[in-house]
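Report on the following structure.
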Amino acid sequence: MIQFLLKGILGDKNRSILPIIIITIGVALTVLLSGYLKGAMGDIIDQNARFDTGHVKVMSKAYAENKDQLPNDLALLGVDTLMQSLSAQIPQMKWVKRIRFGGLMDAPDASGETKGQGPAMGMALELFSENSGEVERLNIANSLVSGKIPSETGEALIGHDFAQKLDLKVGDEITYIGSTMNGAMSFENFTVTGTVRFGTAAMDKGAIIIDIGDAQQMMDMENGAGEILGFLNDEVYDDDKAHQISNTFNLKYANSTDEYAPVMQPLKAQNNLAGYLDYVNVFSVLFVGIFVFAMSIVLWNTGLLGGLRRYQEFGIRLALGESKGHIYRSLFYESVLIGIIGSVIGSVIGIGATYYLQVVGIDIGEYLSNSTMMMPSVIRAKVTPSLFYIGFIPGLFAMVLGTLLSGIGIYKRETATLFKEMEV
């Protein structure tokens, strides 16, 4: 039966070529957009996790409520003991401490006079600790445009765009002007050892990266840190695990009234990411639904046109004694075969285009020049296992639905009038 129908589809291209083209286009677009959305969302999650949120983040309660203002006066103290406790209680995660700070960066000329100033967004990391994995996690080595990674106290990396703005070169001295955690003024000199470009406008325009030991001394934060970030051991974010770990940790301090008590937040609970990611997931499902509906309408009309062209064929088959149900079922099987052929071709094209965007990506850097959101300047698609079957959902469903709707006309044919129709 299937072999017979397949020969008919391949032999009579007039009844199969248009549906196959429609399905191929629809499936290819569905697969491509799905891969693009997964890649884009994966990049945004990964970028936010590495640079800002971690998979989970531990802060003081007061700091968490005001974290957008970088309130280091509300930072955690005694972080070494807290990190040892976290490592013992939650061994499935790696823990690192960070300090984020803001201030004014002053660039002096050869005579010591200011040649340029600009607001800086600082990040203090465990640069000198091999066990922290921070250099690899932030991909600092590959992001270096010039110079090298700091290896001694008093050294700093700055954003390449920031360096060009202040006319700074490797080896130049810069002065950080800010405040300590106690509210006093803080002045600290650093030597620029390198410039970096992370591909994130929010970082590249004013970033300064120093070792956390320098930041603790500069800001009077001995054994303190604004944030402790946790990363799952495989470095891949799992929302269910992150929420479970956070809920378990927070239960221990649920009844505490101390504003400096630690609180843990998963990635999606930070930076309004939950609403954004949920919105994209809904949009992805809605997009597939729209494609199914649109292709069903088109294929319904295609089926109606095909039914008119095959009107005499169906009449002859009915006159020879073939039942209406058998003809209707044969159309169903035929539509399944056409749907499979179109879905296979469309999936191959869609996955190929997705792989191309995974390698090349789309540069949106010019649209992020004033953005403060942590997202990459090059958005890449991602080939995932789901792309190998997701195209068959609209491809098969739309073709079958369109055929079943158009095939209803078979049941309206009256056997008594068949010969009269043929005479005409």
Hey, is the main chain of Gly159 close enough, under 3.5 Å, to the side chain of Arg197 for a donor-acceptor pair? no

Does Gln265 offer a backbone N or O that forms a donor-acceptor pair with the side chain of Gln270 under 3.5 Å? yes

What's the separation between atom CZ in Phe392 and atom OG1 in Thr30, rounded to the nearest 0.5 Å? 12.5 Å

When Lys67, Arg100, Arg98 are each screened for side chain to side chain contact (heavy atoms under 4.5 Å, CB included) with Asp52, the one that passes is Arg100

Close side-chain approach of Met185 to Ile177, heavy-atom, < 4.5 Å: yes

Contact check, side chains of Tyr176 and Met105, non-hydrogen atoms, under 4.5 Å: yes

Atom OH in Tyr237, atom CZ in Phe231: separation rounded to 0.5 Å? 12.0 Å

Which atoms form the tightest heavy-atom contact between Lys57 and Met59, and what is the distance? CD-SD, 3.4 Å

Side chain to side chain, Tyr63 and Asn72, heavy atoms closer than 4.5 Å: yes

Testing the basics here: between Lys148 and Leu144, what is the closest heavy-atom pair and its distance to 0.1 Å? CA-CD1, 4.0 Å

Donor-acceptor pair, distance only, cut-off 3.5 Å: does the side chain of Ser85 make one with the backbone of Thr81? no

With a 4.5 Å heavy-atom cut-off, do Asp109 and Asp167 have their side chains touching? no

Intermediate values then yes/no, side chain to side chain contact (heavy atoms under 4.5 Å, CB included), Ile209 and Leu127: CA-CA 9 Å; Ile209 298 175; Leu127 288 177; 4.2 Å; yes

So among Glu173, Gln117, Lys115, which one has a side chain to side chain contact (heavy atoms under 4.5 Å, CB included) with Asp106? Gln117

Are side-chain heavy atoms of Phe388 and Val383 found at a separation under 4.5 Å? yes

What I want to find out is whether Arg50 reaches Glu235 closely enough, with some N-O distance under 4.0 Å, to be called a salt bridge. no

Taking all non-hydrogen atoms of both residues, which atom of Thr193 and which atom of Leu157 are closest, and how far apart? OG1-CD2, 3.9 Å

Do Gln92 and Asn233 meet the criterion of a side-chain donor-acceptor pair at a distance under 3.5 Å? no

Flag the pair Lys61 and Asp258 as a salt bridge only when some basic side-chain nitrogen lies within less than 4.0 angstrom of an acidic carboxylate oxygen. no

For Val31 and Gly350, work out which heavy atoms get closest and say how close. CG1-C, 3.7 Å

Please round to the nearest 0.5 Å and tell me the distance separating atom CH2 of Trp95 and atom CG of Leu82. 8.5 Å

Can you find a side-chain donor-acceptor pair between Ser186 and Thr180 that sits under 3.5 Å? no

Nearest heavy-atom pair of Ile158 and Ala163: which atoms, and what distance? CD1-CB, 3.5 Å

Taking Asp172 for the side chain and Lys169 for the main chain, is one N or O donor matched with an acceptor at less than 3.5 Å? yes

Return yes if some donor-acceptor pair links the side-chain N/O of Asp46 with the main-chain N/O of Gly42 below 3.5 Å, else return no. no

Looking at Val196, is its backbone amide N or carbonyl O close enough to the side chain of Ser143 to form a donor-acceptor pair, meaning the two atoms are under 3.5 Å apart? no

Over 12 non-hydrogen atoms of neighbours within 6.0 angstrom of CZ in Phe397: no

Determine whether Ile99 and Ile212 satisfy the following criterion, side chain to side chain contact (heavy atoms under 4.5 Å, CB included), listing intermediate values before the conclusion. CA-CA 7 Å; Ile99 298 174; Ile212 196 163; 3.9 Å; yes

Interatomic distance, CE@Met123 vs CD1@Ile208, rounded to 0.5 Å, equals 12.0 Å

Would you say that Phe249 contacts Val56 through its side chain, given a criterion of any heavy-atom pair below 4.5 Å between the two side chains? no

Is the backbone N or O of Val236 less than 3.5 Å from a side-chain atom of Asp234, with the two atoms forming a donor-acceptor pair by type? yes

Would you find more than 12 non-hydrogen atoms of other residues, nucleotides or ligands less than 6.0 Å from Asn131 atom CG? no

Verify, without hydrogens or angle tests, whether Asp214 (side chain) and Thr153 (backbone) share a donor-acceptor contact under 3.5 angstrom. no

Look only at the side chain of Thr24 and the backbone of Ile345, and say whether a donor-acceptor pair between them is shorter than 3.5 Å. no

Heavy atoms, side chains only, cut-off 4.5 Å: are Ile210 and Pro150 in contact? no

Can you name the closest pair of heavy atoms from Val170 and Ser146 and give their distance? CG2-OG, 3.7 Å

Would you check, one step at a time, whether the test side chain to side chain contact (heavy atoms under 4.5 Å, CB included) holds for Lys382 with Gln358? CA-CA 5 Å; Lys382 185 176 183 180; Gln358 178 175 288; 4.0 Å; yes

Mind checking the CG-CD spacing from Asp239 to Gln244? Nearest 0.5 Å is all I need. 11.5 Å

Does the side chain of Phe190 come within less than 4.5 Å of Met218's, by heavy atoms? yes

Strictly distance-based, threshold 3.5 Å: is any side-chain N or O of Ser343 a donor or acceptor partner for the main-chain N or O of Gly339? yes

Thr354/Lys38 under side chain to side chain contact (heavy atoms under 4.5 Å, CB included): CA gap, chis, key distance, verdict: CA-CA 10 Å; Thr354 302; Lys38 288 182 183 296; over 6 Å; no

CD/Glu188 to CE/Met219 distance, rounded to the nearest 0.5 angstrom? 11.5 Å

